[in-house]
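First comes the structure, then the notes that go with it.
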Amino acid sequence: MADKQHLYLVDGSAYIFRAYHRLPPLTNPEGTPVGAVYGYTTMLWKLAEDLDKAEGPTHLAVVLDKSSQSFRNEIYDQYKANRPDPPEDLVPQFPLIRDATRAFSLPMIEEPGVEADDMIASYARAAAAKGWDVTIVSSDKDLMQLVGTSEQGGTIDMLDTMKSARIGPAEVEEKFGVAPELVGDVLALMGDSVDNIPGIFGVGPKTATKLIQDHGSLTAALDAAPEMKKSKLKERLLEHRADAELSRILVTLKEDCELPIAIDDMKLGKIPPEPLAAFLTQHGFGSLLRRLEGGNGGPGPKTQLHPAKPQNPDEAHAPQGNSQPLPEMPAIDRSAYACLQSVEQLDQWIEKAFAARLVAVDTETSALDAMQADLVGVSLAIGPNQACYIPLGHFNEGGGGDDMFAEKPQQIARETALAMLKPLLESDAVLKVGQNIKYDLNVLARHGIAVAPIEDTMIVSFALDAGRSQDGIGGGHGMDELAQRHLGHTCLTFKEICGTGKKAIPFGEVPIDRATEYAAEDADVTWRLYTHLKPRLAVEGGTRVYERVDRPLIPVVAGMERHGIKVDRQQLAALSERFARETARLEGEIHEIAGQEFTVGSPKQLGDILFDKMGYKGGKKGKSGQYSTDQSVLEKLDATGAPIATKVLEWRQLAKLKSTYTDALQQAINPKTNRVHTSYSLVGAQTGRLSSTDPNLQNIPIRTEIGREIRQAFVAEEGNVLLAADYSQIELRLAAHMADVAPLREAFAAGEDIHARTAQEMFGSVDRDTRARAKTINFAILYGISRWGLAGRLGIEADEAQDLIDIYFARFPGIQRYIVNTMETVRECGYSQTLFGRKTWFPRINSKNQAERQGSERAAVNAPIQGTSADIIKRAMARMGPALAEAGLKPDAPDGVRMLLQVHDELVFEMPEGLVEQARPVIQSVMADAAGPAIELTVPLGVEIGTGRNWDDAH
DNA sequence: CTGATCACG
DNA sequence: GACGTACGTGATCAGG
């Protein structure tokens, strides 16, 4: 096969303008705007990746405008005189385009006195004349004249990388109605207001096309003018003939420019990785850098990424928050906020927000539940103190929200305002920043608005500072705390505005001026926090986990929350009733044994009854001066033959199940959707795990037969099934990988029962007892072992436990080294890291309090393992939608595959029965491959999948 | 509001 | 010399 040469000519200057308007306003770690540069970089990357493909380049060069002066200015001094100045934040990006091109080691052509279009035309013709194929990477209509095939058989086409569309002769004809060689004639008639090419006044694309179609050429059309029947058009053609002829010259591309670089020297090879890596690092393009290092088909050579120890010890003790100089910002001034009560005002604000390209958004609602609350208002901020509040659902005290006679303050009709906001909130070109924006996503999704692209200051804070805050609501990432810590500002609190407890009023009843101060401040603070926190990500190594793991997850989790899961109310009600009967019976029996009535549910009363009145031994008082009556104590009593202990244990189980599950879940059913919608927190667990609240669906019973009956109440819709996909032993597998434990790795690779294998190694034989003990030891390892802890669990003495630990370390070399290394690193740096770079801080790791310190040490050993597992399932979740869509499985559609729940190492889906066999392999492979390509694990990730009508059957 | 207890991974 | 034992969560209840 004779390989045909294929030259790609990239119209760099034109691209950057389009990229600027298409992409959000990103900045690099130094604060330089780089959104357009990022777009340019990804485009070059994609082109370079196509090197080996059929339609891909063999040769490639970038053509840039050196100056806007050319021969055209000499013949027409008004040429391009109307060009507006480029936007302020685009100007500094021009030189970066050159840097980017050099970073890719690509030939770059920029000649003074010649426009890029002419240079592209000259190269394209020269290459086509040699019989090469040419692709012009641009969508500039002027260049469409060039499309076609040369006598030597070389084709010239165009590629619009933003729309991934090829433009050949057919596409040109579709656009202009004429063949490519006549495009210049059409353009000459049309003119171009941006380049200030006059054309013929009053002739637009439609008329121009028709004239050329009818007469065959510009000259013929102009010549035919005198014979036309009397019309405005005829007059204009006659009067402005000279303009058209001048325009024809201006739109003609100069195809004989001197070629500064020989075409043969534009050969495209493998891109040298070093300069590219330096460039990507400088501008904080973490995702590309990761691909380069991960060798994922990127343009660079394959290299293995080494999940690193934290590199920068100085970071450890850098004070958080004020370590960076605060960007100069005026103090918060609530009197500067605007309250938008008319369509005109809102219109102006939306326009300003489009221009700002970065807007902080916050919604105010009537309640905390995003699935039920009514929208009361929206606030926006586009700069410090430049914030507004748009009241939408306010009413005066006493009136009801839906009471049409209630007195309402002046406000824009809700649907009108939302229709106006929708284009802004959905525009690709405007970044929407929120504090916990998942909430706003859900509220607005219920009004048909799909907010994107998004940023979240809470998630940014979590990527930077997980674990740093000692305590506090929102895990230390709540807005009031962040404002205090980073901006030194005390926010108005919700309590101050709405009151607390019984006297609390819904936000809709807050007077509008007061509501404006509160709501607009939230948006203002969010805007400020974003500008303050975002740059820290790149500096402190948080970009990868934020951009690649957590940020993409926000809309995914929001979708899961909106889907909810169906629970069978009747089934729960029946269980509640049964549990009520049995607890009542048990209570009577317990009172009888005790010889008096008391509150069984009170540990204090129970302790007194058991150990004082009834005189059982083994009572231990804790620091509260109260006997402990927990499960282990009661089980010991039970073993000594105390019938009351058995009954109390049974009572507790049923009471727990009834109050926490069968009663509470019925209440949690959303009356509108008839489903249960949990709320996931993305910052709930310091290790990076999700947590679930209202209700918590991550602790639904499974371990006991009676508990599993509750799980059976979680069901699929009619005609659907639930599919549960579990990672098997993921944390042990990760421990085997991260600590490089050869015997464990081999056992996993061979698909062995890992606890049995451990039992074999440790005790020399496998039976029920040794396997159970081995399982306990395996978990002990993951949690940071102590001889006393293990002794307690196994019911042996501490020194026996120590012997077992020693045997474990000897049999599984690597584990001890991993533990010691991790603790040393954390002591030194203050944080641990997952394989994907997620940090967890341990501020008490060097505490003088031994218990505190040892607690931190165990947590620090566990965090990289638990956190890596969390990263992996999060990556799987983010990829699941696109993977299902590609397989035609319609993620999120009512008749497609819907992802409903995440339980740390398990994902639960709902789907029509008929899709199961198609969905199973997709889900399986997305989950099993979720660590790659960034991380190549030395153990396979096992995924077990089951299906059934209910959640229990799906296991 | 805190501590004890117990549901999950 | 005493401490207090596995990591990570959230909901509920009793009691101050």
Side-chain angles (χ1 to χ4, degrees), chain A residues 466-467 475 598-607 620 622-634 648-649 651-665 667-668 678-681 683-704 706-708 710-711 726-732 735 776-794 798 801 805 819 832 840 842 848-867 869-870 873 901-906:
Chain A
F598 68 101
T599 312
V600 183
S602 162
K604 182 173 158 30
Q605 293 184 32
L606 178 64
K620 270 190 218 123
K623 58 178 172 223
S624 58
Q626 202 178 299
Y627 290 111
S628 168
T629 63
D630 69 15
Q631 201 160 359
S632 65
V633 174
L634 293 178
V648 170
L649 280 169
W651 182 92
R652 278 206 181 146
Q653 185 191 14
L654 295 172
K656 176 81 176 180
L657 294 178
K658 179 173 186 296
S659 66
T660 310
Y661 300 104
T662 56
D663 290 351
L665 279 172
Q667 286 198 296
T678 184
S679 172
Y680 288 102
S681 169
V683 302
Q686 310 299 4
T687 52
R689 273 190 178 180
L690 305 189
S691 69
S692 160
T693 57
D694 307 307
N696 181 356
L697 295 186
Q698 290 183 321
N699 70 347
I700 301 303
I702 192 170
R703 291 172 186 169
T704 64
I706 190 159
R708 276 209 297 277
I710 292 165
R711 216 163 248 254
D726 283 66
Y727 281 113
S728 130
Q729 307 289 356
I730 187 170
E731 292 193 8
L732 264 180
T776 301
I777 296 167
N778 275 329
F779 279 107
I781 295 297
L782 295 179
Y783 297 147
I785 198 164
S786 79
R787 72 187 75 170
W788 301 280
L790 184 61
R793 294 282 159 148
L794 290 179
I805 293 168
I819 292 173
S832 68
T840 304
F842 296 92
K848 295 204 169 59
N849 177 330
Q850 186 185 232
E852 214 169 59
R853 186 176 67 248
Q854 289 181 339
S856 285
E857 284 173 354
R858 289 191 298 270
V861 168
N862 176 253
I865 298 168
Q866 189 182 114
S869 158
I873 196 166
L901 303 177
Q902 191 252 42
V903 193
H904 309 308
D905 62 357
E906 169 185 9

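Everything numeric in this text was worked out from a predicted model, so none of it was measured. Below, chain A is the first sequence line, B the second, and so on; all start at residue 1.
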### Query
Got a sec, which residues hit side chain to side chain donor-acceptor pair (under 3.5 Å) with A:T662, two or more places apart in sequence or on another chain?
A:S576
### Summary
Across all chains, not counting sequence neighbours, the side chain to side chain donor-acceptor pair (under 3.5 Å) partners of A:D694 are none
With sequence neighbours excluded, what pairs up with [X] under the salt bridge (charged side-chain N to carboxylate O under 4.0 Å, His left out) test?
| X | answer |
| --- | --- |
| A:E906 | none |
| A:R652 | none |
| A:D663 | A:K658 |

Using a cut-off of strictly less than 4.0 Å, decide whether [X] has a side-chain nitrogen or oxygen near OP1 or OP2 of [N].
| X | N | answer |
| --- | --- | --- |
| A:Q866 | C:dT9 | no |
| A:S602 | C:dG15 | yes |
| A:R858 | C:dT5 | no |

Please classify the nucleic acid contact of [X] as base, sugar-phosphate, or nothing, using heavy-atom distances under 4.0 Å.
| X | answer |
| --- | --- |
| A:T776 | base |
| A:E906 | nothing |
| A:L690 | nothing |
| A:E731 | nothing |

### Query
Has the side chain of A:R703 got a donor or acceptor atom sitting under 3.5 Å from an opposite partner on the base of B:dG9?
yes
Apply side-chain contact (heavy atoms from CB on, under 4.5 Å) to [X] and list each qualifying residue two or more places apart in sequence or on a separate chain.
| X | result |
| --- | --- |
| A:T687 | A:A685, A:R689, A:A863, A:Q866 |
| A:S786 | A:W788 |
| A:T660 | A:K656 |
| A:L649 | A:Q631, A:L634, A:E635 |

#### Entry: Residues touching DNA chain C, which here means a heavy atom under 4.0 Å, drawn from residues 691-700 of chain A
A:S691, A:S692, A:T693, A:D694, A:N696
#### Entry: Residues from residues 779-788 of chain A lying under 4.0 Å of DNA chain C - heavy atoms
A:A780, A:Y783, A:G784, A:S786, A:W788
### Message
Please check this pair: side chain of A:T599 against backbone of A:S602, looking for a donor-acceptor N/O pair closer than 3.5 Å.
### Response
no
## Note on the structure
A correct dot-bracket answer for DNA chain C, with pairs being Watson-Crick or G-U at under 3.5 Å, [ ] for crossing pairs and | for inter-strand pairs, is ......|||||||||.
## Note on the structure
Rounded to whole Å, CD1 of A:I819 lies from C1' of C:dC7 at a distance of 13 Å
